[in-house]
Colleague: 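Please read through the structure below; I'll follow up with questions.
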Amino acid sequence: MHTVIGELDQLMVDIQINRYLEYLWRILSMGNKAIDTAKPWVRMKEGKEAEVQALLCFIANLLAKVALLLHPIMPEITLKMGRSLKITLDAASFKTYVTEGQLLADFTIERVSLLFPKIEAPLIAEASGGLSIAAP
């Protein structure tokens with residue numbers, strides 16, 4: 001994760017926002033893979049609570065870093081993420097968690113509404129004014 005984060009500064013300087021977002025998506029994919037591999041729902045049933053807690057700590061720290069890195073591009077969404085993790089999205093937090101690589105101490109995650117709700121096809125058509133675009 002730190003290798004990917006280290007490459008983000010130059011992408012922002014070069015105004016390569018699409019690549020910047022691709023790199024952030026790689027970080028999120030690491031989190032998804034960790035959850036898929038660890039299967040915390042199975043580990044809880046097996047009484048491996050310490051392993052689940054370690055995974056949750058990893059995921060919370062990953063999300064904190066992503067929220068800070070994504071904040072200039074998606075401020076409303078990332079503010080929800082920050083509130084959920086009880087961190088402020090400011091220069092001091094960026095320095096602490098991204099630049100210095102410190103980890104969240106004890107934390108409690110607060111439930112928030114869906115960050116990216118599923119968009120239904122009728123809503124997409126409505127948002128585009130019902131326009132259909134045909135290929136030439």
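Atom set for the values below is all heavy atoms of this structure, side chains included, hydrogens, waters and symmetry mates excluded.
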Colleague: Which pairs with one or both residues in residues 54-63 pass salt bridge (Lys or Arg N to Asp or Glu O under 4.0 Å), sequence neighbours excluded?
Modeller: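 Listed by first then second residue: nothing to list.
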
Colleague: Applying the 4.5 Å side-chain criterion to the ILVMFWY set and letting contacts propagate, would I77 and I87 be lumped into a single cluster?
Modeller: yes

Colleague: Checking E51 now: which residues fulfil side chain to side chain donor-acceptor pair (under 3.5 Å) with it, not counting sequence neighbours?
Modeller: R43

Colleague: Restricting to side-chain contact (heavy atoms from CB on, under 4.5 Å), what partner residues turn up for S93, sequence neighbours left out?
Modeller: L68, T88, D90, Y97

Colleague: Of all residues at least two apart in sequence or in a different chain, which pass the salt bridge (Lys or Arg N to Asp or Glu O under 4.0 Å) check with E49?
Modeller: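 Counting only residues at least two positions away or on another chain, E49 forms no salt bridge (Lys or Arg N to Asp or Glu O under 4.0 Å).
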
Colleague: Do L21 and L70 have side-chain heavy atoms sitting under 4.5 Å apart?
Modeller: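 Of all side-chain heavy-atom pairs linking L70 with L21, at least one is under 4.5 Å.
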
Colleague: Excluding sequence neighbours, so at least two apart, what forms side-chain contact (heavy atoms from CB on, under 4.5 Å) with E22?
Modeller: R19

Colleague: Which atom pairs, one a donor and one an acceptor, fall under 3.5 Å between side chains of residues 32-40 and the rest of the protein, sequence neighbours left out?
Modeller:
unit_1	atom_1	unit_2	atom_2	d
T37	OG1	K33	O	2.8
K39	NZ	D36	O	2.9

Colleague: Is there any salt bridge (Lys or Arg N to Asp or Glu O under 4.0 Å) pair reaching into residues 74-84, and which pairs are they, with sequence neighbours excluded?
Modeller: none

Colleague: Passes side chain to side chain contact (heavy atoms under 4.5 Å, CB included), F94 versus L69? Steps please.
Modeller: CA-CA 8 Å; F94 189 92; L69 292 162; 3.7 Å; yes

Colleague: Linking directly or through intermediates, with side-chain heavy atoms under 4.5 Å: list the remaining ILVMFWY members grouped with L103, chain and number order.
Modeller: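 So far as hydrophobic clustering goes, L103 is joined with none.
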
Colleague: List in chain and number order the residues that pass side chain to side chain donor-acceptor pair (under 3.5 Å) with K95, two or more places apart in sequence or in another chain; answer none if no residue qualifies.
Modeller: none

